[in-house]
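To start, the structure under review is shown below, and the notes come after it.
Atoms considered below: every heavy atom in the structure, side chains included; atoms not considered: hydrogens, waters and symmetry mates.
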Amino acid sequence: MSDSTTDSDVFPASAADALAPDAPEALPRPRIRWAGIVWGLVFAALATVGAALTWTPRALENLSMIVPQLTGTTLVAATLMALGALALISGLVGLLRHAQRAAIRRRA
């Protein structure tokens, strides 16, 4: 008896049948992770603005002159604007996710 026979103990017929894949079912399409896309764009924009503000020595010098002149009122206004931007971005992500779920429900 040779090692290449189909009735060897290494791969019995039942194990070979268990390894054979069944007919693939229709898999659902993967979700688009909108939060990652939107936040990635926001961070890329912030990095671009930061690089533009400090790109040249002259721009860095201008920035170092402006920062000490900031008052409490401007810092509060900047904080409120930043919180508003966070709320806007979070709302946008929520709307995109809601639209994605609605599209899935319409297809089903």
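Using a 4.5 Å cut-off between side-chain heavy atoms of Ile, Leu, Val, Met, Phe, Trp and Tyr, with links allowed through other members, Leu63 and Leu70 fall into different hydrophobic clusters. Hydrophobic clustering, with ILVMFWY side chains joined whenever heavy atoms are under 4.5 angstrom apart, groups Phe43 together with Leu41. Two different hydrophobic clusters hold Leu46 and Trp55 under the rule that ILVMFWY side chains link at heavy-atom gaps under 4.5 Å. There is a path of hydrophobic side-chain contacts, each under 4.5 Å, that joins Leu83 to Val38. By the rule that hydrophobic residues join a cluster once side-chain heavy atoms approach within less than 4.5 Å of another member, Ile32 and Val42 end up as members of one cluster.
Taking a 6.0 Å sphere around CZ of Arg58, one finds it holds 12 or fewer heavy atoms contributed by other residues, nucleotides or ligands.
Heavy-atom minimum distance, Ala59 versus Ala52: CB-O, 4.4 Å. When all heavy atoms of Leu86 and Trp39 are compared, the pair lying nearest together is CD2-CH2, 3.4 Å.
Counting only heavy atoms from C-beta outward, the side chains of Val76 and Thr79 never approach each other to under 4.5 Å.
Here Thr74 contributes atom OG1 and Ile66 contributes atom CD1; the two are 11.5 Å apart, rounded to the nearest 0.5 Å. Taking CG from Asn62 and OG1 from Thr54, the interatomic distance works out to 12.0 Å, rounded to the nearest 0.5 Å.
Pairs engaging residues 85-101 under the side-chain hydrogen bond (donor to acceptor under 3.5 Å, both in side chains) rule: Arg97-Gln100 [sequence neighbours left out].
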